[in-house]
Amino acid sequence: MPSPAAVVTADQEVRYNPSEIEPRWQATWDAQPDLYAAEPPTCGKPKYYVLEMLPYPSGQLHMGHVRNYAIGDALARHQWMLGYNVLHPMGWDAFGLPAENAAIKNNTPPREWTLANIAAMRRQMARIGLSYDWQREITTCLPDYYRWNQWFFLKMYERGLAYRKKSKVNWCPECATVLANEQVIDGRCWRHEETKVEQRDLEQWFLRTTRYADELLRDLDKLDAWPDKVRTMQRNWIGRSEGALVDFEIQRQEERTPSRQPIKLNLTETALEESSGTITVFTTRIDTIYGATSIQLAPEHPMVAQFARNNSELARDVQAMLEQQEAALENEGFNELEKLGIFTGHYVRNPFSEELIPVWVANYVLMDYGTGAIMSVPAHDGRDYEFAQKYKIEIKIVILPRRTEGSENHNKQESMLPYTEEDSMLMNSGPFDMLGCVEAQQKMAAYAQGKGFGKPMVTFRLKDWGISRQRYWGTPIPILYCEKDGIVPVPEDQLPVLLPENVEITQQGGSPLSRVPEFMNVKCPRCGGPARRETDTMDTFVDSSWYFYRYTDAKNNQAPFDPAIAAYWFGEKGIDQYIGGVEHAILHLIYSRFWTKMMRDLGLVKNSEPVQRLFTQGMVIKNGAKMSKSKGNVVSPDDMIARYGADATRMYSLFAAPPDRDLDWQEDGVAGVSRFLSRVYRFAGKTMPRAIAGRSQPLPASFTPVEQNLMRKLHQTIRRISHDFEGRWHFNTCIAAIMELVNDLTAAEPTIKAGAIRDSVLYAATRNLILLLGPFAPFLAAELWSQLGETASLLRAPWPAFDEKLAAEDVIGIPVQINGKLRAVVTVPAGTTENELREIALADEKVKASVTGKEIVKVIVVPGKLVNLVVR
RNA sequence: GCGAAAGUGGCGGAAUUGGCAGACGCACCAGACUUAGGAUCUGGCGGGGAAACUCGUGGGGGUUCAAGUCCCCCCUUUCGCACCA
């Protein structure tokens with residue numbers, strides 16, 4: 001039990017010394033492992049699950065972490081005081097590349113490096129006074145966690161949700177591994193901004209996220225306690241579009257009608273040899289198909305290779321086009337890519353119009369969206385229009401442009417091109433003329449289906465999640481390849497597949513595990529013959545996709561968690577409050593949603609969404625830029641704590657800005673908060689003996705005016721903070737309100753000294769002040785709480801209630817405006833009626849002076865707010 | 001280019017519904033106390049003006065007795081998306 005920091009007498013100055021108070025309380029708390037422990041579901045209390053995103057154990061907390069955790073900790077502490085059974089856990093996202101890089105650099109095994117970092121960060125967190133239930137700590141790189149990744153993988157494999165296929169994948173040469181689509185930003189690696197991602201053909205494991213694409217999209221509407229920004233980002237990422245597939249038949253050379261061929265062709269005789277087959281395009285605007293004047297293929301489209309087989313010139317031109325694009329990317333970046341195209345010499349028949357149209361290769365067509373082929377409708381698509389203008393391709397209007405206001409002078413249809421709106425009707429479209437665009441889309445897709453050359457189609461931008469990584473420090477994929485039986489999953493009772501230690505990590509390509517024969521070579525569980533293990537490991541985002549379920553039952557060695565316990569903590573809607581950076585809006589938060597739906601279909605959970613309320617806090621910036629080593633503007637939390645204490649550091653991170661906005665770190669501000677805490681400490685020190693004396697006395701039945709002022713401020717402060725915790729979370733103004741209260745209290749010191757405020761009133765003020773400080777400055781609050789004679793934890797004390805009557809103002813100042821300009825302020829009792837207020841205002845000397853000689857046209861009286869005289 | 005958020009003193013930021021613009025804090029200025037401190041306390045602190053007053057929330061219009069707040073147009077910044085057919 002800590003002893004009071006100082007014996008205080010009325011006049012003795014006591015110094016606030018956080019470097020003495022805070023470690024003392026930290027030691028006390030460390031010795032009570034159950035202090036922050038969540039109770040079992042049987043406790044009968046309502047639950048509250050508050051979670052901050054688990055960190056990667058880099059070994060050093062940064063200010064962004066501190067801010068994130070300060071927000072979560074304030075919430076958790078407040079919920080505890082409200083009487084909830086709070087689950088507030090913490091863990092480590094401990095697999096990943098940095099450990100391997102560190103291994104190469106320092107010749108330390110990844111496991112050792114990671115566990116040492118975790119220990120260091122756990123110490124930092126304790127020093128900050130974060131209220132985590134460490135008995136539930138999870139570390140994703142340990143077998144008791146990652147074995148369940150493997151278990152889930154097997155379950156998904158059984159259900160066809162995990163599958164293997166050869167495909168073009170994103171390859172980062174720097175990481176020497178494959179990246180998910182989500183990890184490629186502007187064609188570059190998410191970890192290596194300067195490194196361009198290459199495309200490689202590899203056998204990879206995928207999770208079928210697309211099976212849930214529709215539900216992932218639809219359920220976004222239910223997540224009304226998520227930021228709109230995040231929902232929009234996910235919606236765009238999933239990228240659902242409704243449209244149609246249409247087959248265009250390639251015409252034999254001799255059938256080709258000689259047509260207007262606008263540009264000079266670069267064709268040799270061999271290129272004109274026969275090719276056959278169909279090209280299928282995806283379009284969302286089948287209503288414009290009569291306006292299709294060419295077909296565009298992605299350069300990687302298989303048909304391009306087929307055409308090029310007999311046409312070396314085409315092959316060369318396509319190659320040259322790709323090189324030109326590469327060079328443009330290098331010089332101008334992604335922003336301004338010029339559209340490039342090459343005519344293949346081939347034609348297809350438009351199944352609707354029967355017209356023959358040329359087939360081109362175009363750099364703006366993407367192979368991995370839709371079918372990699374489009375129909376080009378220059379009159380009604382911006383990109384096609386640009387392309388057609390450049391290459392002199394025919395432009396055919398098939399949608400009647402609707403004239404908008406101001407366009408009367410430009411009644412030539414051509415001047416309105418490209419007309420891309422869907423609010424008009426078809427023309428030049430045979431039997432479909434005069435139909436509205438939207439109606440035509442349905443009818444034409446159905447028509448194509450009826451005739452067998454197309455069908456309605458929904459396409460998603462979302463791809464299946466490629467999880468294979470050619471790295472060591474990750475979860476081994478529990479799969480064997482048998483010479484006889486092919487792909488064989490590791491039997492469930494043989495889990496976990498342990499990651500071997502003492503593996504040589506090098507920067508060379510390929511999975512490090514493939515150089516460990518004792519890991520790789522095994523017997524097939526089916527036939528006993530020779531087999532080899534899968535040597536790729538799982539993407540680390542697998543680990544974080546379900547970790548928050550593990551917290552509910554972290555020590556379970558029979559299952560990832562007990563569904564009944566998870567059902568208690570997740571309820572129907574998921575985690576009550578999840579807090580983290582917006583940078584995880586897509587990756588982590590889509591994978592987590594997918595994983596929850598998958599688990600629901602396995603019968604493990606009842607909820608369909610993992611997170612009910614999501615909060616994304618702003619970044620910590622300094623001198624106008626995000627804190628980063630490269631910018632040299634990093635502020636170390638350790639440094640701040642050493643100088644100002646943990647309370648001041650975390651309180652400043654809540655005070656300097658509302659939590660959802662970026663926070664500009666100014667050290668002078670931390671000093672200011674520290675001064676404030678010091679003022680609190682000195683005030684409490686001076687008045688504590690009187691407050692303690694008042695502890696056993698009841699509050700007086702009626703207050704003196706000074707007492708009443710104090711009580712009013714106190715209850716107004718409680719009211720304000722209580723309301724803010726309910727959802728607005730403007731902790732900056734909460735802390736400002738506490739400062740105002742303390743300013744009032746210190747201003748009243750002479751009155752207190754003179755005995756004009758009774759001890760019981762002083763006790764109420766002091767006690768409640770300490771309770772209000774609890775969520776924001778837990779060390780100082782604990783210290784003062786104990787000085788007040790309390791022995792139980794502050795967390796178990798009930799959050800103070802406010803009394804509306806005590807908080808109410810009895811006298812208010814009412815501004816009096818004349819023609820909207822402030823001319824006087826009259827002081828009236830609260831509850832003054834409209835008529836009384838009008839008379840008081842008109843009788844005011846200043847007001848009289850201002851209206852002399854003028855006619856009062858109108859008097860606006862808003863009781864409790866203001867009076868406005870309109871004069872002439 | 002598309003979408004979202006934001007723009008208020010020297011600075012971070014206040015101002016639930018339209019109702020006293022600038023709470024709280026920082027910095028700064030003046031003073032007090034001093035066994036000089038990175039200490040504490042008191043007062044001041046948007047611009048102009050001696051004052052009465054007056055101007056003032058990115059710019060321009062509008063609605064209203066009243067606009068930081070609502071409507072229209074424009075500018076800037078940040079973030080996200082970016083050839084998605």
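Numbered from 1 within each chain, the chains take letters A, B, ... in sequence-line order. These numbers were taken from a predicted model, which means no experiment stands behind them.
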Classify the ring geometry of [X] against [Y]: parallel below 30°, tilted from 30° to 60°, perpendicular beyond 60°.
| X | Y | value |
| --- | --- | --- |
| F615(A) | W729(A) | tilted |
| F725(A) | F776(A) | parallel |
| Y16(A) | Y681(A) | tilted |
| W360(A) | Y391(A) | tilted |

Are [X] and [N] close enough that a side-chain N or O sits under 4.0 Å from OP1 or OP2?
| X | N | result |
| --- | --- | --- |
| R682(A) | C41(B) | yes |
| N236(A) | G3(B) | no |
| K821(A) | C55(B) | yes |
| R823(A) | U54(B) | yes |
| R461(A) | A82(B) | yes |
| S241(A) | A85(B) | yes |
| R661(A) | A14(B) | yes |
| R675(A) | C41(B) | no |

Answer with base, sugar-phosphate or nothing: what part of the nucleic acid does [X] contact at a heavy-atom distance below 4.0 Å?
| X | result |
| --- | --- |
| K622(A) | nothing |
| E386(A) | nothing |
| V870(A) | sugar-phosphate |
| V857(A) | nothing |
| N819(A) | nothing |
| G382(A) | nothing |
| D228(A) | nothing |
| G672(A) | sugar-phosphate |
| Y16(A) | nothing |

Considering only heavy atoms and no angle criterion, is a donor-acceptor pair shorter than 3.5 Å present between the side chain of Y652(A) and the base of G12(B)?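 Under the 3.5 Å cut-off, the side chain and the base do not form any donor-acceptor pair.
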Can a donor-acceptor pair under 3.5 Å be found between the side-chain atoms of D668(A) and the base atoms of C26(B)?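 Between C26(B) and D668(A), which were checked side chain against base, a qualifying N/O pair under 3.5 Å is absent.
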Figure out the [atom1]/[atom2] separation between [X] and [N], and round it to whole Å.
| X | N | atom1 | atom2 | value |
| --- | --- | --- | --- | --- |
| D381(A) | G1(B) | CG | C1' | 14 Å |
| E583(A) | C81(B) | CD | P | 12 Å |
| E749(A) | U42(B) | CD | P | 9 Å |
| H730(A) | A23(B) | NE2 | C1' | 15 Å |
| L677(A) | A39(B) | CG | P | 16 Å |
| D368(A) | A82(B) | CG | P | 11 Å |
| Y385(A) | C83(B) | OH | C1' | 18 Å |
| Y369(A) | C83(B) | OH | P | 12 Å |

Measure from the ring center of F676(A) to the ring center of F655(A) and say whether it is less than 6.0 Å.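 Here the rings of F655(A) and F676(A) have centres that are no less than 6.0 Å from each other.
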Without hydrogens or angle criteria, can the side chains of [X] and [Y] be said to hold a donor-acceptor pair below 3.5 Å?
| X | Y | result |
| --- | --- | --- |
| T833(A) | E836(A) | yes |
| Q817(A) | N819(A) | no |
| D724(A) | S722(A) | no |

Should [N] form a Watson-Crick or G-U wobble pair with both distances under 3.5 Å, which nucleotide is its partner?
| N | value |
| --- | --- |
| A21(B) | none |
| C83(B) | none |
| A5(B) | U77(B) |
| U69(B) | none |
| U42(B) | A30(B) |

Side chain of [X]: nearest nucleotide among [options]?
| X | options | result |
| --- | --- | --- |
| L366(A) | A85(B), G25(B), G13(B) | A85(B) |
| I860(A) | G38(B), U16(B), C65(B) | C65(B) |
| E667(A) | G19(B), C24(B), G38(B) | G38(B) |
| Q666(A) | C11(B), C20(B), A23(B) | C11(B) |
| F655(A) | G38(B), A15(B), G12(B) | G12(B) |
| K865(A) | G19(B), A85(B), G13(B) | G19(B) |
| T733(A) | G12(B), A23(B), U16(B) | A23(B) |
| R679(A) | G25(B), C24(B), C83(B) | G25(B) |

With rounding to whole Å, what would you report as the distance between [N] and [M] at their [atom1] atoms?
| N | M | atom1 | answer |
| --- | --- | --- | --- |
| G22(B) | C28(B) | P | 24 Å |
| A67(B) | U57(B) | P | 11 Å |
| C73(B) | G3(B) | P | 13 Å |
| G44(B) | G61(B) | C1' | 39 Å |
| C65(B) | U76(B) | C1' | 34 Å |
| G62(B) | G25(B) | P | 40 Å |
| C72(B) | A4(B) | P | 13 Å |
| C74(B) | G80(B) | C1' | 24 Å |

Six-ring centre of Y364(A), K339(A) cation under 6.0 angstrom, axis tolerance 45°: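 Here K339(A) passes the 6.0 Å and 45° test against Y364(A).
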Syn/anti state for G9(B) [syn: chi within 90° of 0]: syn
Neighbour count above 12 (heavy atom, 6.0 Å) for K854(A) NZ: no
Take M375(A) and N868(A), find for each the nucleotide of RNA chain B with the closest heavy atom, and name the residue whose nucleotide sits nearer the 5' end. N868(A)
Start at the 5' end of RNA chain B and walk down; is the nucleotide closest to N732(A) or to R643(A) reached first?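 Taking each residue's closest nucleotide, the earlier one in sequence belongs to N732(A).
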